[in-house]
2 protein chains.
Amino acid sequence: MATPPTSGGGWPAPGPSAPSSAPRKERSPGRCGGSTPPAGRSSTQSRPGGAFKRPTPLPRGVPSDESPAGVRTLTAPDAASAAALVTDGLGADALVALFGRCTVDYEGRAASELGPGDRHVMLKPDGAALVHTDEGQQPVNWQPPGCEHDCRATEGATVVESRRTSPEESLVVRFSTVAHAAAFDVSDHETPEVIGTEADLKRRILEEPSLVEDGFTPLATERKTPAGAVDVYGEDDAGRTVVLELKRRRVGPDAVGQLDRYVGALRRDLHADAEVRGVLVAPSVTGRARALLAERGLEFVPLTP
Amino acid sequence: MATPPTSGGGWPAPGPSAPSSAPRKERSPGRCGGSTPPAGRSSTQSRPGGAFKRPTPLPRGVPSDESPAGVRTLTAPDAASAAALVTDGLGADALVALFGRCTVDYEGRAASELGPGDRHVMLKPDGAALVHTDEGQQPVNWQPPGCEHDCRATEGATVVESRRTSPEESLVVRFSTVAHAAAFDVSDHETPEVIGTEADLKRRILEEPSLVEDGFTPLATERKTPAGAVDVYGEDDAGRTVVLELKRRRVGPDAVGQLDRYVGALRRDLHADAEVRGVLVAPSVTGRARALLAERGLEFVPLTP
DNA sequence: CGTGCCAGGTGCCAT
DNA sequence: ATGGCACTTGGCACG
């Protein structure tokens with residue numbers, strides 16, 4: 001076997017060859033720098049200023065087409081080289097990707113086996129592991145954040161193991177061949193702003209209660225009941241208690257059940273003479289849900305976030 | 001800018017430079033299997049036979065360290081080269097991965113924006129798109145299978161767009177810098193066999209009904225009611241109707257609501273003199289669920305898949 | 001295609 | 001840690 005070609009200069013070892021990555025939760029403790037760069041995004045690929053993850057800076061003498069922006073790559077490596085790249089990458093808090101022919105074994109809350117096939121494996125520095133095939137949005141196997149990744153070469157195979165406790169779970173990926181391995185130095189401090197959630201719907205209703213009904217007055221959100229917290233709690237123009245259950249999309253019977261539990265709990269908790277109305281607020285309801293609403297004497301108001 | 005280095009031999013063009021990937025759905029069309037498996041589950045599921053995806057075989061003459069197992073790679077490419085690799089890869093039904101600094105915009109069922117950061121983007125030949133950061137099991141942004149991917153170089157940026165209809169949704173990833181791009185020729189015809197599902201629990205109960213209760217006799221599975229299909233339907237040694245709702249793990253109030261709806265529907269549908277018992281079968285229940293069970297006169301049997 | 005429901009659901013936040 | 005619930009939930013099976 002020829003020495004596998006390697007591109008990229010690689011990072012300095014974070015320690016004396018850290019045996020593996022420890023699960024990190026803390027995220028850039030003192031992240032001061034403006035998370036929204038106002039202007040002047042760097043057009044070149046050199047990262048400006050501080051590399052946070054990397055304990056020491058990249059050897060800058062290396063031309064940028066060999067070690068650009070913290071990427072290390074191996075093509076068709078032997079098992080030992082692949083394992084070394086993975087271990088080094090994880091030790092440096094890089095995001096590691098492997099592609100090749102492998103088998104996958106999982107044991108934990110359930111158990112599963114997966115025969116040989118070409119898959120893409122991603123190992124994250126926070127302990128998450130993902131095994132993707134060419135199909136589907138969901139990984140065919142995975143491990144949640146908080147695991148410890150370990151990679152070693154065993155009898156010509158590159159073996160990745162991600163393990164966690166409580167619950168005890170283990171994922172083992174055995175590569176007979178690694179076609180490609182890469183370690184990416186990631187920095188991402190942005191969180192996406194999502195529009196159109198249930199929280200947005202709630203906000204809209206609180207700003208303009210008449211959207212639900214003329215004369216409706218919200219009194220509290222997340223009001224506690226023995227059956228759980230009510231989305232919006234208020235009263236109508238006749239002084240009757242009104243419970244709103246909000247959904248951002250078309251709902252089925254489960255949401256009606258939820259609302260019904262809250263209404264029942266409040267009817268028991270409030271004075272016997274208190275009338276309690278339950279109102280489901282959502283874009284639309286299914287047939288079965290509508291029937292259930294009628295059966296339980298509940299109401300529906302169509303509203304879209 | 002120097003010509004970006006490329007490793008790997010590349011595939012034969014699937015056509016005259018296919019403009020982009022068309023969403024493929026077909027996957028093992030005749031996936032049948034009865035809803036009430038009396039016995040004899042298929043133990044193996046390895047798909048025999050041919051490579052479906054690739055129209056023509058790989059050029060096998062290429063040395064394995066340059067074009068190993070269908071991998072094409074670019075490190076620090078300019079926008080045009082990156083876009084070309086992505087387009088070619090998708091056209092050849094490859095799994096494409098991009099890593100670099102990008103922004104992400106989504107609009108569809110909801111909407112979201114994500115500022116600049118280093119992310120890993122995966123484009124699958126079935127139309128799925130995934131944007132991963134260094135944290136979390138879940139992608140920070142995504143698009144389900146069935147989309148059409150499109151990649152082009154615009155003003156020095158590499159722009160990926162994944163679009164679908166019904167519902168109309170679009171995901172746009174704008175790379176200011178692509179640190180690494182790769183196209184993987186995937187072949188995977190295995191489906192993992194998972195142990196410990198609700199189906200396993202059902203099988204166990206049908207084989208040994210006394211696990212639920214001495215004298216219990218299953219009569220049907222998935223029996224239809226106006227409120228939905230009941231997991232297991234049967235009768236006890238006194239001839240009373242028994243409805244089982246099965247859960248593979250500890251359950252909350254939602255499962256009790258489900259069972260309660262089935263029991264209510266059957267009480268209305270059967271002769272007025274018919275007694276109907278509802279039994280929740282699961283490893284355990286939460287406190288609120290237990291209270292709800294008592295309130296509705298339902299029962300619980302602890303059982304683990 | 002909509003309806004209903006399971007999932008190794010995951011993630012977030014409360015107690 | 002457990003609990004209750006939202007999620008661009010995804011995925012499958014069925015009418």
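By convention in this document, chain letters (A, B, ...) are assigned in the order of the sequence lines, proteins followed by strands, and residues within each chain are numbered from 1.
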Original post:
Which pairs pass side chain to side chain donor-acceptor pair (under 3.5 Å) with one or both residues in residues 283-294 of chain B, sequence neighbours excluded?
Top reply: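 The answer is B:R250-B:S284.
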Subject >> Trace of the side chain to side chain donor-acceptor pair (under 3.5 Å) decision for B:H149 with B:K124 >> reply: CA-CA 9 Å; B:H149 303 307; B:K124 293 195 180 189; over 6 Å; no
Work out how far the [atom1] atom of [N] is from that of [M], and round it to whole angstrom.
N      : M     : atom1 : value
C:dC5  : D:dT8 : P     : 22 Å
D:dC14 : C:dG8 : C1'   : 25 Å
C:dA7  : D:dC7 : C1'   : 14 Å

Original post:
Does a side-chain N-to-carboxylate-O contact under 4.0 Å join A:R268 and B:E295?
Top reply: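 Counted as a salt bridge, because a side-chain N and a carboxylate O are separated by less than 4.0 Å.
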Original post:
Does a salt bridge link B:R109 with B:E169, judged by any charged N lying under 4.0 Å from a carboxylate O?
Top reply: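 Answer for the salt bridge query: yes.
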Subject >> Protein proximity profile, nucleotides 7-15 of chain C - base contact B, sugar-phosphate-only contact S, no contact -, cut-off 4.0 Å on heavy atoms >> reply: SBSSS----
**OP:** With a 4.0 Å heavy-atom cut-off, tell me which residues in residues 286-305 of chain A come close to DNA chain C, sorted by residue number.
**Re:**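 Residues of residues 286-305 of chain A under 4.0 Å from DNA chain C: A:T286, A:R288.
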From [atom1] of [X] over to [atom2] of [N], roughly how many Å is that when rounded to an integer?
X      : N     : atom1 : atom2 : value
A:R250 : C:dC1 : CZ    : P     : 16 Å
B:L259 : C:dG4 : CG    : P     : 18 Å
A:L201 : D:dT8 : CG    : C1'   : 16 Å

